[in-house]
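For reference, the structure is listed below as structure tokens.
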Amino acid sequence: MAFDFATPVERRHPEGGYASQKWHRYAEDVLPLWVADMDFRSPPAVIEALEARVAHGVYGYGEVPASLKQTLCDWSATHYDWPIEPEWQHWLPGVVPALHFATLALTQPGDGVLTVAPIYPPFLAVAKRTGRLPQQAMLGAPKSPGEPWQLDIEAIKAAITPQTRLLLWCHPHNPTGRVWRHEELATLAELVEQHDLWVVSDELHCDLLLDEGARHRPLAAMFPALAKRTITLWAPSKTFNLAGLSSACAVIPDPDVRTRFADACKGLLPEVNVLGLVAAEAAYREGEPWRQALLKELRQHRATLEAHVASWPGVTLSEPEATYLAWLDMRKAGLGETPYQTIKEQAGVALSDGAAFGCPGFVRLNFGTTASQLDAALARMDKLLKKTGC
């Protein structure tokens with residue numbers, strides 16, 4: 001079956017006037033390549049399932065159907081070689097809330113919550129928002145242009161104190177696009193065991209590994225001894241472009257941890273909305289052909305971006321191995337201390353500010369858009385960066 005990733009979908013002025021964070025935050029002459037929201041229509045199977053559910057006409061309180069839980073079990077076994085059980089699943093409206101509720105469930109006020117930057121910005125706010133102690137280490141930056149970011153175990157060791165109780169981890173990594181290898185994570189797993197830490201593993205982008213034939217392995221599957229101390233977070237939102245439907249799943253093998261997590265959510269979090277549950281099940285059950293076509297499209301867009309970056313003096317990119325997000329080092333591009341601002345004002349392209357991820361001077365670019373929009377945005381950036389580059 002052929003899927004259309006080329007035809008632009010009107011999101012700024014759609015019929016009905018649907019508001020979009022991505023398309024309405026900035027002026028109309030700015031092309032948005034910032035928030036992790038693709039410009040592609042979701043899989044036809046998802047749209048058809050939603051249309052059928054909407055046609056039913058009654059949208060009362062729902063519950064997570066057994067069929068959805070089994071569908072996710074099947075997806076995990078097939079795609080990750082990890083046989084999970086239906087009762088391990090706690091569905092909730094979003095991964096970001098799950099980070100906070102996991103922290104409330106597993107730690108006490110004043111306990112240390114460790115993050116490793118650069119990292120998706122909500123990670124950096126969890127400790128403060130929950131009354132915990134923020135702790136931070138840094139990844140190892142590329143030693144030469146184009147090399148991958150590295151897991152710096154010594155930096156993580158140095159950041160751990162007697163107060164540290166929880167590690168918030170991201171696998172694959174947002175924003176660098178790294179797919180962590182077994183040998184890298186083995187040393188991290190040893191450290192977690194040694195210091196008796198809990199782990200929340202955000203694996204939101206795990207179905208978007210870009211290299212052909214690459215397969216995701218969840219942290220808790222890769223190291224079974226960690227399963228009892230790990231909460232794994234999944235969602236169909238990034239893979240199938242369903243973010244606005246707010247459905248995610250915390251996979252928790254240990255029954256005591258499941259109970260603690262569920263108790264932390266009570267009264268503070270609504271149930272997953274009925275349309276989000278329908279969309280999630282249709283995506284995991286019937287969305288694989290669409291996902292494969294999407295990956296092919298994203299590989300082409302990654303290559304297009306890399307070709308442009310190669311002509312931008314002072315700009316470097318470590319090839320993303322996963323996600324539709326590129327992490328660009330702009331510190332030597334001659335754009336000042338806030339390159340994202342300069343690019344928005346002078347090129348008319350909105351990117352994400354690296355400072356929000358813990359790395360000023362970097363930007364994150366979303367290439368999950370149509371080829372025509374990506375080409376237009378990169379052409380604008382060409383004019384600016386070829387002129388200002390050192």
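What's counted below: heavy atoms across the whole structure, side chains too, no hydrogens, waters or symmetry copies.
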Evaluation steps, ring pair (Phe, Tyr, Trp, His ring centres under 6.0 Å), between W290 and F5: CA-CA 10 Å; W290 184 92; F5 297 102; 5.5 Å; yes
Under 3.5 Å, which donor-acceptor pairs link side chains of residues 357-371 to any protein atom two or more places apart or in another chain?
from : atom 1 : to   : atom 2 : distance (Å)
R364 : NH1    : N174 : OD1    : 3.1
R364 : NH2    : W34  : O      : 3.4
N366 : OD1    : G368 : N      : 2.6
N366 : ND2    : V35  : O      : 2.8
N366 : ND2    : D37  : O      : 3.1
T369 : OG1    : D39  : OD2    : 2.7
T369 : OG1    : Q373 : NE2    : 3.3
T370 : OG1    : S372 : OG     : 3.3
T370 : OG1    : Q373 : N      : 3.3

By ring-ring contact (aromatic ring centres under 6.0 Å, His included), H173 pairs with (sequence neighbours left out) W180
Sequence neighbours excluded and cut-off under 3.5 Å, please list the side-chain donor-acceptor pairs for residues 374-381, or say none.
from : atom 1 : to   : atom 2 : distance (Å)
R380 : NH1    : D29  : O      : 2.8
R380 : NH1    : G348 : O      : 2.8

Please output the side-chain donor-acceptor pairs of residues 214-221 that fall under 3.5 Å, not counting sequence neighbours, one pair per line with the distance.
from : atom 1 : to   : atom 2 : distance (Å)
R215 : NH1    : T78  : O      : 3.3
R215 : NH2    : T78  : O      : 3.2
H216 : NE2    : E203 : OE1    : 2.7
R217 : NH1    : Y80  : O      : 2.7
R217 : NH1    : D81  : O      : 2.8
R217 : NH2    : A221 : O      : 3.3

Describe, in one word, how the ring planes of H301 and F40 are oriented to each other, choosing from parallel (under 30°), tilted (30 to 60°) and perpendicular (over 60°). tilted
Taking ring-ring contact (aromatic ring centres under 6.0 Å, His included) as the test, write out the residues that go with H90, two or more places apart. F261
I'd like a table of donor-acceptor pairs (distance under 3.5 Å, sequence neighbours excluded) in which one partner is a side-chain atom from residues 64-72, with atom names and distances.
from : atom 1 : to   : atom 2 : distance (Å)
S67  : OG     : E281 : OE1    : 3.1
S67  : OG     : E281 : OE2    : 2.9
Q70  : NE2    : D74  : OD1    : 2.9
T71  : OG1    : S67  : O      : 2.7

For H56, check ring-ring contact (aromatic ring centres under 6.0 Å, His included) against everything at least two apart and list the hits. none
Hydrophobic clusters join Ile, Leu, Val, Met, Phe, Trp and Tyr when side-chain heavy atoms are under 4.5 Å apart, directly or via other members; which others share one with Y61? none
Clusters formed by hydrophobic residues whose side-chain heavy atoms approach within less than 4.5 Å: which one holds I47, and what are its other members? none
Would you call the rings of W88 and W82 parallel, tilted or perpendicular if under 30° counts as parallel and over 60° as perpendicular? tilted
Any salt bridge (charged side-chain N to carboxylate O under 4.0 Å, His left out) involving residues 149-173? Give me the pairs, sequence neighbours left out, ordered by first then second residue. E154-K157
Go through the structure and list residues passing salt bridge (charged side-chain N to carboxylate O under 4.0 Å, His left out) with D211, not counting sequence neighbours. R302
Provide the full list of salt bridge (charged side-chain N to carboxylate O under 4.0 Å, His left out) pairs with a residue in residues 124-134, sequence neighbours left out, each pair given once. none
Taking T342 for the side chain and L335 for the main chain, is one N or O donor matched with an acceptor at less than 3.5 Å? yes
